[in-house]
*Asks:* 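Provided herewith is a single structure, encoded as structure tokens, for subsequent inquiry.
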Amino acid sequence: MVNRHRWLLMWLAVAPAAWAQREPHIGYVYPAGGRQGTTVAAVIGGQYLNGADQIYVTGPDVQAVVVEHEPSLTPKQAQALRQRLEELRKQPKDAAARQEILAIRKKLAAFAKLRANPAIAETVPVAITIATNAVPGNRELRLGTPLGLSNPLVFQVGQLPEFRQPEPDAAAEPPFPRPGVNPVPAETPPLPITLPATVNGQILPGGVARYRFPARRGQQLVVATSARELIPYLADAVPGWFQAALTLYDPQGEELAYDDHYRFHPDPVLHYVIPQDGAYTLKIRDVLYRGREDFVYRVALGELPFLASLFPLGGRAGTRATVEVRGWNLPVTRLHLSLKQTPPGTYPIAVRNQQWFSNPLPFLVDTLPECREREPNNSPRTAQPVALPIIINGRCDPPGDVDVFRFDGRAGQQIVAEVMARRLESPLDSVLKLTDATGHQLAFNDDHEDKGSGLNTHHADSYLRATLPADGRYYLSLWDAQRNGGWAYSYRLRLSAPRPDFELRVVPASLSVRIGTSAPLTVYALRQDGFTGEIALTLKDAPAGFKLTATPIPANQDQVKLTLTPPPTAPTGRLRLHLEGRAMIEGREIVHAAVPAEDMMQAFAYRHLVPAQEWDVAVIGRFRPAETARILSALPVKIPGGGAARVQVSLPGGPFLNQIAFELTDPPDGVTLQTVSPTEFMLRADATKISPGRKGNLIVQATAARRPPPGAPGRRFTVGALPAIPFEVIQP
């Protein structure tokens with residue numbers, strides 16, 4: 001009993017660190033990349049980062065360490081520094097005093113930023129070493145802290161020489177800015193660079209950055225921005241990301257080119273043929289002159305290869321494919337790909353010009369037969385005949401082009417027509433219309449949301465599913481919604497019977513779990529072509545003792561909440577886990593790995609599942625209980641509609657947990673919880689809001705009261721999550 005009481009005291013001692021869900025979060029890294037063969041001194045900004053001592057980067061050949069630094073000031077420390085600053089101002093100013101004043105002003109400026117933008121105000125300096133053979137492209141980095149593992153953030157490995165804007169002098173800014181007033185940086189002279197180059201910077205409110213470089217007549221200058229690519233969504237900014245704008249000036253200061261987006265991407269790309277030798281200037285700013293430390297950018301500029309379009313956008317597995325490529329500074333116009341050993345999926349395609357690699361574009365490999373669209377096919381009279389199943393590779397060219405395909409069908413036959421274009425980097429905003437032989441419309445679709453495409457905010461690809469009413473001939477028409485067109489407006493049109501399937505997303509991509517408790521997570525099912533069945537979930541190749549709530553994703557539901565529980569003997573630190581789902585579809589067992597993702601908020605309202613490269617778990621906790629929290633009641637818990645079910649639990653410390661209460665986290669509408677005792681609670685189902693047959697998991701957090709100072713209000717903090725509780729609403 002003494003040991004159990006001792007464990008409770010330890011448990012409650014560490015619990016305030018988790019109060020109010022204080023999970024480490026990183027909002028930016030600056031610079032957000034570096035060149036092969038260099039070591040980058042970078043700063044990571046975020047919240048709840050004090051004590052960060054580890055940094056993890058995905059992929060090989062990149063190593064990183066946290067540089068020793070001072071933790072953020074507390075309000076009490078800041079007040080003491082203000083008093084010291086006042087004392088120094090009253091004293092004679094020798095060299096030592098001036099140095100101390102400067103150091104105090106920098107600390108107070110950082111503290112002022114902490115209060116103005118707490119979500120990105122704590123900073124951690126890091127050193128990132130990139131090997132010469134590191135593969136160029138996007139990596140992800142995470143910070144390890146005593147509170148657990150941070151979310152992932154993009155860090156780019158580049159090939160070009162790197163330049164960076166000087167960081168603003170914190171001591172020169174007002175240490176106590178007035179509420180609602182942002183300091184406007186002074187105009188700075190252009191930073192001289194040489195091409196090719198990657199430039200790095202941060203845009204502060206009203207900020208403008210300029211770069212000057214020599215260029216020769218006839219150069220095919222490409223300027224490609226990474227800003228939204230680095231930080232996909234900002235929760236507290238409209239439209240939800242840093243919207244960069246580029247302007248190119250000639251040696252006389254005249255504007256030559258401007259862009260603030262590239263096709264449907266917020267990150268702008270410029271292509272310009274240099275008219276004469278001289279010194280040119282590139283300007284970058286936010287479209288709305290907003291700015292903050294997380295308005296981070298990387299711009300690659302020079303006579304660089306840039307891949308604008310592929311055709312076709314994919315190929316059939318087991319065959320060879322010839323792909324036409326268009327863009328700038330490309331050494332070839334065609335690529336010859338062997339797909340003999342390539343399983344279905346999406347693969348990046350890039351072009352190399354001497355030592356420089358172009359940007360990658362996606363290429364989709366499928367198993368269905370394929371054909372090319374043939375003109376003229378602009379009307380039912382000239383419709384191109386096809387036989388199902390088929391994938392048609394085509395494009396809407398010229399503007400206003402309509403592509404019509406005809407096929408024979410049977411009464412009761414189910415067909416699916418799906419366009420893959422925007423998801424494969426085509427600017428096409430497709431529309432689909434299905435008609436019978438008389439021209440009667442049977443189905444129509446413009447935009448169809450794909451929750452697996454988390455970086456697209458305009459789901460412009462079309463999808464329709466229909467049951468044919470009779471034997472006969474049918475017509476499927478495809479065009480661009482704005483009647484745009486051109487060589488780049490390519491598409492892959494699948495016309496087939498339904499192919500029921502699913503994908504999985506596991507959120508969050510970084511999970512932190514304290515020994516003795518459980519960590520909640522959510523798995524989303526992205527169901528395809530009408531698949532509604534149950535999906536079983538399991539950990540794959542996990543260390544011994546790790547337990548995942550075994551409830552499947554119920555039939556006809558798109559998500560389930562789970563918990564991960566480590567064994568008491570689990571070593572602390574980071575590990576990579578894998579989750580997979582299994583389902584029976586048309587008599588076959590289908591297995592898919594879950595893709596890790598972050599549930600990101602855009603502009604205060606919209607949510608997106610943004611894929612990540614790894615699912616990482618941090619096991620934390622210095623104290624090791626002999627047991628973990630357990631559910632003692634029979635599972636699943638049967639909750640009668642309009643009634644209640646009693647749930648008993650066991651927590652480390654047993655009868656000593658007299659401060660514990662329980663709370664539901666994001667429950668389904670109609671399910672509520674009432675604490676009965678520190679080891680028991682009631683689950684209720686409101687019959688007017690939730691129907692019998694509803695299944696799933698409930699996440700229950702154990703909370704405790706913190707004893708407040710005299711005269712201060714009390715408050716509760718989260719102790720930890722119980723294992724997820726499977727439930728079913730039943731008839732009363």
Side-chain angles (χ1 to χ4, degrees), residues 23-69 119-131 133-159 162 164 167 198 200-202 226-234 241-242 293-298 454-455 507-512 573-577 595-600 610-618 620:
E23 298 174 351
H25 184 273
I26 56 178
Y28 72 90
V29 55
Y30 179 71
R35 188 185 187 186
Q36 297 161 316
T38 65
T39 295
V40 181
V43 171
I44 296 176
Q47 192 173 26
Y48 307 127
L49 305 183
N50 280 345
D53 58 359
Q54 297 288 334
I55 178 170
Y56 306 101
V57 184
T58 57
D61 305 317
V62 179
Q63 304 295 324
V65 295
V66 174
V67 178
E68 186 176 350
H69 65 288
I120 57 172
E122 297 179 30
T123 57
V124 177
V126 298
I128 304 171
T129 301
I130 307 169
N133 61 337
V135 176
N138 287 354
R139 307 295 182 94
E140 290 175 349
L141 56 80
R142 294 166 168 87
L143 274 180
T145 80
L147 296 180
L149 201 60
S150 78
N151 57 298
L153 206 61
V154 170
F155 181 86
Q156 294 185 335
V157 174
Q159 296 179 282
E162 302 248 342
R164 62 196 287 183
E167 297 179 38
T198 296
N200 298 273
Q202 293 170 291
S226 295
R228 196 260 187 165
E229 180 183 0
L230 303 174
I231 305 175
Y233 296 107
L234 298 174
W241 48 75
F242 166 23
E293 284 80 1
D294 54 355
F295 280 47
V296 175
Y297 64 84
R298 284 170 59 82
L455 295 177
V507 174
S510 297
L511 193 67
S512 301
R574 164 184 167 266
L575 65 152
R576 187 186 308 171
L577 293 185
V595 176
E598 287 291 295
D599 181 3
M600 302 187 75
V610 178
Q613 296 177 6
E614 293 181 356
W615 188 35
D616 286 358
V617 176
I620 57 177

*Asks:* Can a side-chain donor-acceptor contact be found between Q613 and T58 if the only test is distance below 3.5 angstrom?
*Replies:*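 Looking only at side-chain atoms, Q613 and T58 do form a donor-acceptor pair, the distance falling under 3.5 Å.
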*Asks:* Would you name the heavy atoms of R164 and P31 that are closest together and state the gap between them?
*Replies:*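 Result for this residue pair: NH2-CD, 3.2 Å.
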*Asks:* E293 vs Y28, test: side chain to side chain contact (heavy atoms under 4.5 Å, CB included). Steps then yes/no.
*Replies:* CA-CA 8 Å; E293 284 80 1; Y28 72 90; 3.7 Å; yes
*Asks:* Quick one: do E23 and N151 satisfy side chain to side chain donor-acceptor pair (under 3.5 Å)? Show the steps, please.
*Replies:* CA-CA 9 Å; E23 298 174 351; N151 57 298; over 6 Å; no
*Asks:* Looking at F242, I'd like to know if the NZ or CZ of R228 sits under 6.0 Å from its six-membered ring centre while staying within 45 degrees of the ring's axis.
*Replies:*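 Checked: cation-pi criterion not met.
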*Asks:* Measure the OG1-CD distance between T39 and Q63 for me, rounded to the nearest 0.5 Å.
*Replies:*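 The OG1 atom of T39 sits 10.5 Å away from the CD atom of Q63.
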*Asks:* Would you say that N50 contacts T145 through its side chain, given a criterion of any heavy-atom pair below 4.5 Å between the two side chains?
*Replies:*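 The answer is no, as the side chains (C-beta and beyond) never meet within the 4.5 Å cut-off.
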*Asks:* Side chains of V610 and L455: closer than 4.5 Å at any heavy-atom pair?
*Replies:* yes
*Asks:* Does a donor on one side chain and an acceptor on the other come within less than 3.5 Å for Q156 and R298?
*Replies:*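 Side-chain D/A pair, Q156 to R298: present.
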*Asks:* Hey, could you give me the CG/CH2 distance between L230 and W241, rounded to the nearest 0.5 Å?
*Replies:* 14.5 Å
*Asks:* Find the distance between CG (L153) and CD1 (I44) and round it off to the nearest 0.5 Å.
*Replies:*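 Rounded to the nearest 0.5 Å, the CG-CD1 separation comes to 8.0 Å.
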*Asks:* Please walk me through it: do L141 and I128 pass side chain to side chain contact (heavy atoms under 4.5 Å, CB included)?
*Replies:* CA-CA 10 Å; L141 56 80; I128 304 171; 4.1 Å; yes
*Asks:* State plainly whether the residues R35 and E162 are in salt-bridge range, i.e. N to O under 4.0 Å.
*Replies:*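 Here R35 does not pair with E162 in a salt bridge, since their nearest N and O are not under 4.0 Å apart.
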*Asks:* Shortest non-hydrogen contact from L49 to H25?
*Replies:*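 Taking every non-hydrogen atom into account, CD2-O, 3.8 Å.
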*Asks:* Would the distance check show the side chain of S226 and the main-chain N or O of E229 forming a donor-acceptor pair, the cut-off being under 3.5 Å?
*Replies:*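 No; zero donor-acceptor contacts below 3.5 Å.
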*Asks:* Specify the closest pair of heavy atoms between A52 and P146, including all atoms of both residues, with the distance to one decimal.
*Replies:* N-CD, 4.3 Å
*Asks:* So, are R574 and E614 salt-bridged, with charged N and O less than 4.0 Å apart?
*Replies:*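 Result for this pair is yes, salt bridge flagged.
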*Asks:* Taking C-beta and beyond as the side chain, do W615 and V507 meet within less than 4.5 Å on heavy atoms?
*Replies:*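 The answer is no, as the side chains (C-beta and beyond) never meet within the 4.5 Å cut-off.
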*Asks:* I'd like to know if the side chain of S150 reaches the main chain of P24, judged simply by a donor and an acceptor atom lying under 3.5 Å from each other, with no hydrogens or angles considered.
*Replies:*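 Answer holds: no.
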*Asks:* Report yes if the side chains of P152 and S510 come closer than 4.5 Å at any heavy-atom pair, otherwise no.
*Replies:* yes
*Asks:* If I take atom OH from residue Y30 and atom OH from residue Y297, how far apart are they, to the nearest 0.5 angstrom?
*Replies:*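 If I round to the nearest 0.5 Å, the distance is 6.5 Å.
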*Asks:* Is there a side-chain contact between V126 and V43, using heavy atoms and a 4.5 Å cut-off?
*Replies:* no
*Asks:* Between P508 and D599, is any pair of side-chain heavy atoms under 4.5 Å apart?
*Replies:* no
*Asks:* Can you tell me how far apart CD1 (I120) and CZ (F295) are? Round to the nearest 0.5 Å.
*Replies:*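 One finds 9.0 Å between CD1 of I120 and CZ of F295.
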*Asks:* Of all heavy-atom pairs between V154 and V29, which one has the smallest distance, and what is that distance?
*Replies:*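 Heavy atoms of V154 and V29 come nearest at O-CG1, 3.7 Å.
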*Asks:* Do D53 and V66 make a side-chain contact, defined as non-hydrogen atoms from C-beta onward lying under 4.5 Å apart?
*Replies:*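 Counting from C-beta outward, D53 and V66 never come under 4.5 Å.
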*Asks:* Does R142 have any salt bridge (charged side-chain N to carboxylate O under 4.0 Å, His left out) partners at least two apart in sequence or in another chain, and if so, which?
*Replies:* E140, D616
*Asks:* Tell me, do V62 and R139 make a side-chain contact under 4.5 Å, heavy atoms counted?
*Replies:*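 Yes - at least one pair of side-chain heavy atoms lies under 4.5 Å apart.
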*Asks:* What residues, two or more places apart in sequence or in another chain, satisfy side chain to side chain contact (heavy atoms under 4.5 Å, CB included) together with Q47?
*Replies:* P118, A119, E122
*Asks:* Compare every heavy atom of S512 with every heavy atom of L149, then report the nearest pair and how far apart it is.
*Replies:* N-OG, 2.7 Å
*Asks:* Between the side chains of D294 and Q202, is a donor N or O closer than 3.5 angstrom to an acceptor N or O?
*Replies:* no
*Asks:* Can you measure from OH (Y48) to CD1 (I26) and round to the nearest 0.5 angstrom?
*Replies:* 15.5 Å
